[in-house]
Number of protein chains: 2
Amino acid sequence: MTQIPQLDIKDLTVFTDDTSEAPAQAAQFLKSLAHRDRLKLLCSLVENEVSVSELEEKLGISQSAVSQHLLKLKTEGVLKSRRDGRQIFYSIADPLVLDIVSLLYARFCAAGDT
Amino acid sequence: MTQIPQLDIKDLTVFTDDTSEAPAQAAQFLKSLAHRDRLKLLCSLVENEVSVSELEEKLGISQSAVSQHLLKLKTEGVLKSRRDGRQIFYSIADPLVLDIVSLLYARFCAAGDT
DNA sequence: GACAAATATTATAGAAATTTAATATGTCAA
DNA sequence: TTGACATATTAAATTTCTATAATATTTGTC
């Protein structure tokens with residue numbers, strides 16, 4: 001079981017402090033995840049690395065779109081890539097997204113989808 | 001300690017299933033959080049309910065902007081509101097956001113902000 | 001080297017989100 | 001009921017995001 005770190009409420013002042021860049025950084029991180037197809041891509045990568053063409057076929061998204069979504073996630077540090085011959089394999093670089101995807105799954109799939 | 005539900009990897013096919021609306025719903029939920037000022041608002045509400053004018057002053061955001069951000073979060077079910085006289089107090093309606101904010105805090109505030 | 005496969009990049013048009021300003025609504029107090 | 005306060009709504013301008021198409025780059029094979 002992954003544990004969500006206990007939140008000391010007082011610490012949240014860091015988030016409302018005017019000078020901190022944390023809220024903007026956190027927002028940018030969330031934005032990189034906040035797209036239907038990017039969430040699908042991430043879920044396809046939970047188990048293991050997958051090549052771009054496989055993702056393309058699996059999700060039915062155009063080559064260009066997949067490539068651009070993957071770039072955005074990689075730029076944000078969420079994904080990493082590895083070349084093998086002509087193919088490029090993407091995988092999850094930041095375990096934090098697994099926690100978030102897990103929470104989203106519990107809310108949007110597990111519960112009301114029976 | 002809040003627990004993140006254990007993720008059965010196989011279940012994620014729900015997320016990549018073409019017909020499921022879960023990825024779009026989850027993306028919309030994330031989008032409602034993915035804004036610097038909305039994250040600040042949420043953090044201001046972690047402890048207890050706060051009135052609109054207090055939020056306005058605390059975060060230095062215009063009245064209209066605060067109101068519109070709050071509306072978006074309320075529409076998404078993240079916040080709820082209660083009127084008391086002329087004032088309207090907002091509070092967190094969905095505990096899921098606490099988990100997410102907690103994860104974001106651990107990443108973007110606690111770690112590299114020393 | 002020429003060609004095909006896999007992926008990335010660029011350009012751009014369209015859609016959505018954000019900001020700001022102005023106006024409207026609801027509530028209280030005199 | 002009038003005026004002031006608190007919040008919401010609307011509208012318009014701007015910015016950001018997305019989708020699509022076209023082109024470019026890299027790699028392997030012949």
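Below, read A as the first sequence line, B as the second, and so on, with proteins coming before strands; counting in each chain starts at 1.
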Salt-bridge criterion met for B:D94 and B:K80 (N-O under 4.0 Å) = no
Are any of [X]'s side-chain N or O atoms less than 4.0 Å away from OP1 or OP2 of [N]?
X: A:H69; N: D:dC17; result: no
X: A:H35; N: D:dA19; result: yes
X: B:K72; N: C:dT18; result: yes

d(B:I61 CD1, B:S67 OG) to nearest 0.5 Å is 12.0 Å
Residues two or more places apart in sequence or in another chain: which of them pass side-chain contact (heavy atoms from CB on, under 4.5 Å) with [X]?
X: B:S51; value: B:S53, B:E54, B:Q87, B:F89
X: B:E76; value: B:Q28, B:F29, B:S32, B:V78
X: B:E57; value: none
X: A:R83; value: A:I88

Calculate the interatomic distance between [X] atom [atom1] and [N] atom [atom2]; express it in whole Å.
X: B:D84; N: C:dC28; atom1: CG; atom2: C1'; answer: 12 Å
X: A:R36; N: D:dT18; atom1: CZ; atom2: C1'; answer: 11 Å
X: B:Q28; N: D:dC17; atom1: CD; atom2: C1'; answer: 16 Å
X: A:E49; N: C:dT7; atom1: CD; atom2: P; answer: 12 Å
X: A:D37; N: D:dT18; atom1: CG; atom2: P; answer: 10 Å
X: B:L59; N: C:dT19; atom1: CG; atom2: P; answer: 13 Å
X: A:L73; N: D:dC17; atom1: CG; atom2: P; answer: 13 Å
X: B:L71; N: C:dT19; atom1: CG; atom2: P; answer: 15 Å

Have a look at the helix from C:dG1-D:dC30 to C:dA30-D:dT1 and give the angle its two end axes make, five pairs each, rounded to 10 degrees.
-> 20°
Check every strand shown and say whether A:R38 touches a base, only sugar-phosphate, or nothing at a heavy-atom separation below 4.0 Å.
-> sugar-phosphate
Apply side chain to side chain donor-acceptor pair (under 3.5 Å) to [X] and list each qualifying residue two or more places apart in sequence or on a separate chain.
X: A:E49; answer: A:R82
X: A:Q25; answer: none
X: A:K74; answer: A:S81

Protein and nucleotides 2-8 of chain D: nitrogen or oxygen contacts under 3.5 angstrom:
unit_1 : atom_1 : unit_2 : atom_2 : d
D:dC5  : O4'    : B:R86  : NH1    : 3.3
D:dA6  : O3'    : B:R86  : O      : 3.4
D:dT7  : OP1    : B:V52  : N      : 3.3
D:dT7  : OP1    : B:I88  : N      : 3.1
D:dT7  : OP2    : B:S53  : N      : 2.7
D:dT7  : OP2    : B:S53  : OG     : 2.9
D:dA8  : OP1    : B:Y90  : OH     : 2.6
D:dA8  : OP2    : B:S67  : OG     : 2.9
D:dA8  : N7     : B:Q63  : NE2    : 2.8
D:dA8  : N6     : B:Q63  : OE1    : 3.1

